[in-house]
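Please read the structure below before turning to the comments.
Numbers restart at 1 for each chain; the letters A, B, ... are given by sequence-line order, proteins then strands. All values below come from the heavy atoms of this structure, side chains included, with hydrogens, waters and symmetry mates left out.
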Amino acid sequence: MSLTKSILEGNRLALARLLTQVENDLTEGHSSLAELFPYTGKAHLIGVTGAPGTGKSSLVNQLALQYRKTTNKKVAIIAVDPSSPFTGGAVLGDRVRMRDLSGDEGVFIRSMASRGSLGGVAQKTASIVQVFDAAGYEIIIIETVGAGQSEVDVARLAHTTVVVEAPGLGDEIQAIKAGILEIADVLVINKADRPGVENTERALRSTLKLGHPVKRVFRHHGKTMAVDAPTTDPHFWIPPIVKTVATEGKGLNELVEAIAKHAAHLDQSGDRVARDRARLQSEMEILLQGALMNRFLEHIPQEQYGELLEKVFSRNISPSEAVKFLLNGNPK
Amino acid sequence: MTDRKIRVLVAKPGLDGHDRGAKVVARALRDAGMEVIYTGLRQTPEMIAEAALQEDVDVVGLSILSGAHMALAPRILELLKKNGQDQVRVFIGGIIPDEDMPRLKEMGITGIYGPGASTDEIIRDVREAVK
Ligand code: B12
Ligand SMILES: Nc1nc2c(ncn2[C@@H]2O[C@H](COP(=O)(O)OP(=O)(O)O)[C@@H](O)[C@H]2O)c(=O)[nH]1
Ligand SMILES: [Mg+2]
């Protein structure tokens with residue numbers, strides 16, 4: 001039986017094997033991925049990001065438990081951890097916090113090494129998501145590396161991006177400066193059992209005000225009046241702040257509700273469709289670039305290409321002139 | 001095509017809390033360029049087999065210092081087989097008396113290591129086993 005057929009029938013070993021093929025970009029995986037593609041597009045993708053130690057893995061564990069308790073949807077978790085830039089190896093330790101999920105056939109956890117990607121997820125995470133989506137996992141949770149600086153790739157991939165903060169991680173302003181709040185659809189203050197929650201919440205609220213339209217004050221008939229922000233704009237969404245204690249499962253109802261509200265907002269505003277289209281278009285265009293490049297290089301003598309590269313290395317011609325030369329036969 | 005990374009699950013079955021050896025080995029394998037999934041303490045054989053399946057690992061490494069290896073190892077091998085993962089190589093480290101080694105090997109354990117085992121040797125054996 002083909003791998004894809006087994007996967008569609010719910011075979012977990014077949015699923016695990018395809019995930020490996022896809023992660024390693026093996027040719028067998030390409031055709032399976034293509035066969036599965038028509039079955040994708042049903043899952044809700046939740047990205048969970050935030051600095052290391054804020055409790056992402058613990059929260060993902062609880063979130064999956066909550067979905068399993070309150071729905072009959074299957075849940076997939078993709079947990080990304082960094083690869084060593086020196087050896088290419090990795091220790092993937094997120095499962096340590098997800099032991100409550102074992103024994104449930106409706107949950108599938110896959111650890112992934114970032115393999116040199118800097119955007120918080122691995123290059124192949126998007127394809128891994130497609131496999132889970134086709135396999136009928138309607139909730140897919142992606143835990144990012146959590147480097148804290150530029151985890152923007154997850155926001156491009158996920159429908160709902162959950163940014164996790166925790167009190168007492170030092171400089172609140174730092175996290176806010178890093179711009180991670182700009183990608184948040186839902187903000188979580190985890191470790192709400194710890195002192196300093198109020199400070200973290202205040203810092204978050206004031207930054208949200210800077211980044212989003214708020215009540216505007218202006219003069220009218222000689223009086224100062226406050227007018228609500230333009231909430232009629234269907235694309236307008238203010239990230240709610242949810243407080244959780246992941247180690248005790250507190251605040252999870254609220255978190256699931258906030259994610260559901262955001263999902264409904266995506267549907268009503270048309271943003272879900274727009275995001276999906278943009279993502280698929282960019283996925284196709286990246287592949288097209290690679291394919292065009294390969295085809296072009298096939299038709300050019302390697303020697304000639306090497307000579308041209310040398311001219312660029314020796315600063316004889318600029319890279320842009322070299323490209324013009326390759327395309328037109330002269331550098332103009 | 002990228003090279004296929006060796007994926008290893010390092011697990012601590014049973015109630016044994018000695019986790020230094022498991023962590024040392026996990027780090028050594030990482031430094032050798034492998035991707036190591038670490039499950040943490042107190043794993044049942046069922047949990048280990050389930051993780052091995054989801055992660056599609058090439059190797060399962062068990063760290064057992066409690067003396068319960070003769071009960072845990074066969075159960076884990078049996079579950080791997082039941083799940084269709086016969087090709088997965090299983091390594092054990094920890095406190096394993098010499099007299100138990102032949103029987104463990106017979107069951108299908110690929111490598112056994114005690115206190116002071118060289119991590120270079122472990123790395124070499126893992127690479128050899130997944131060839
Ligand atoms: C440190 C230690 C502890 C520490 C553990 C700290 C920790 N977080 O790990 C503490 C003090 C907590 C402790 C407690 C106990 N300990 Co203690 N402990 C030791 C000791 C002295 C060293 C273990 C160690 O960390 N070694 C360093 C690491 C790096 O070596 P390693 O684990 O052997 O790993 C190497 C190899 O075995 C192998 N390896 C290990 N795992 C793996 C996995 C794979 C996949 C591979 C390939 C290789 C591999 O490679 C490693 C590198 O060389 C040993 C004695 C000894 N010399 O081994 C006793 C020992 C293991 N403990 C023992 C006992 C009895 C206990 C207690 C029950 C004592 C008590 N009555 O309370 C408790 C139980 C704790 C528990 N919850 O399980 C006994 C076990 C007896 C037995 N199995 O028959 C030992 C052997 C001491 C003895 N001679 O009696 N212990
Ligand atoms: N006090 C407290 N500790 C927590 C909470 N959530 C997670 N932790 C602890 O924080 C540490 C890091 O958690 P982990 O989930 O691994 O964080 P990650 O690195 O962001 O994935 C662990 O020791 C957890 O037990 C919480 O709500 N309250
Ligand atoms: Mg984590």
Nearest-0.5 Å distance that lies between atom CD1 in B:I37 and atom CD1 in A:I109
11.5 Å

A:L288, CG atom: more than 12 neighbouring heavy atoms under 6.0 Å:
yes

With heavy-atom distances below 4.5 Å as the criterion, would you say the side chains of A:R95 and B:M47 are in contact?
no

Relative to chain B, which segment of A:D104 carries a heavy atom at a distance below 4.5 Å: side chain, backbone, both, or neither?
backbone

In terms of heavy-atom contacts, does NZ of B:K82 have more than 12 from other residues, nucleotides or ligands at under 6.0 Å?
no

Does A:T87 reach the main-chain N or O of B:R30 with its side chain, forming a donor-acceptor pair under 3.5 Å?
yes

Pair count under 4.5 Å, heavy atoms only, with chain A: among B:A26, B:G40, B:G33, B:G84, highest is B:G33

Max heavy-atom pair count under 4.5 Å with chain B, selected residue of A:A90, A:A16, A:S102, A:G88:
A:A90

Is there a donor-acceptor pair under 3.5 Å between the side chain of B:Q54 and the backbone N or O of A:R110?
no

With a cut-off of 6.0 Å (strictly less than), are more than 12 heavy atoms of other residues, nucleotides or ligands near CD of A:Q302?
no

Got B:L53 and A:L13 here, is their nearest side-chain heavy-atom distance under 4.5 Å?
yes

Taking side chain as C-beta onward, heavy atoms only, is A:S111 less than 4.5 Å from B:E55?
yes

Would you say A:K250 has more than 12 foreign heavy atoms packed within less than 6.0 Å of its NZ?
no

Taking C-beta and beyond as the side chain, do B:E35 and A:M112 meet within less than 4.5 Å on heavy atoms?
no

Are B:R42 and A:R99 packed together at the side-chain level, in the sense that at least one heavy-atom pair is separated by less than 4.5 angstrom?
yes

Per-residue tally against chain A (heavy atom, under 4.5 Å) across B:Q85, B:E50, B:M34 peaks at B:E50

Is it the case that atom CG in B:D86 sees more than 12 heavy atoms from other parts of the structure closer than 6.0 Å?
yes

Minimum side-chain heavy-atom gap B:Y38-A:L92 below 4.5 Å:
no

Segment of B:L29 engaging chain A (4.5 angstrom heavy-atom cut-off)
neither

Side-chain heavy-atom pair A:R12, B:N83 within 4.5 angstrom cut-off:
no

A:Q66 atom CD, over 12 foreign heavy atoms within 6.0 Å
yes

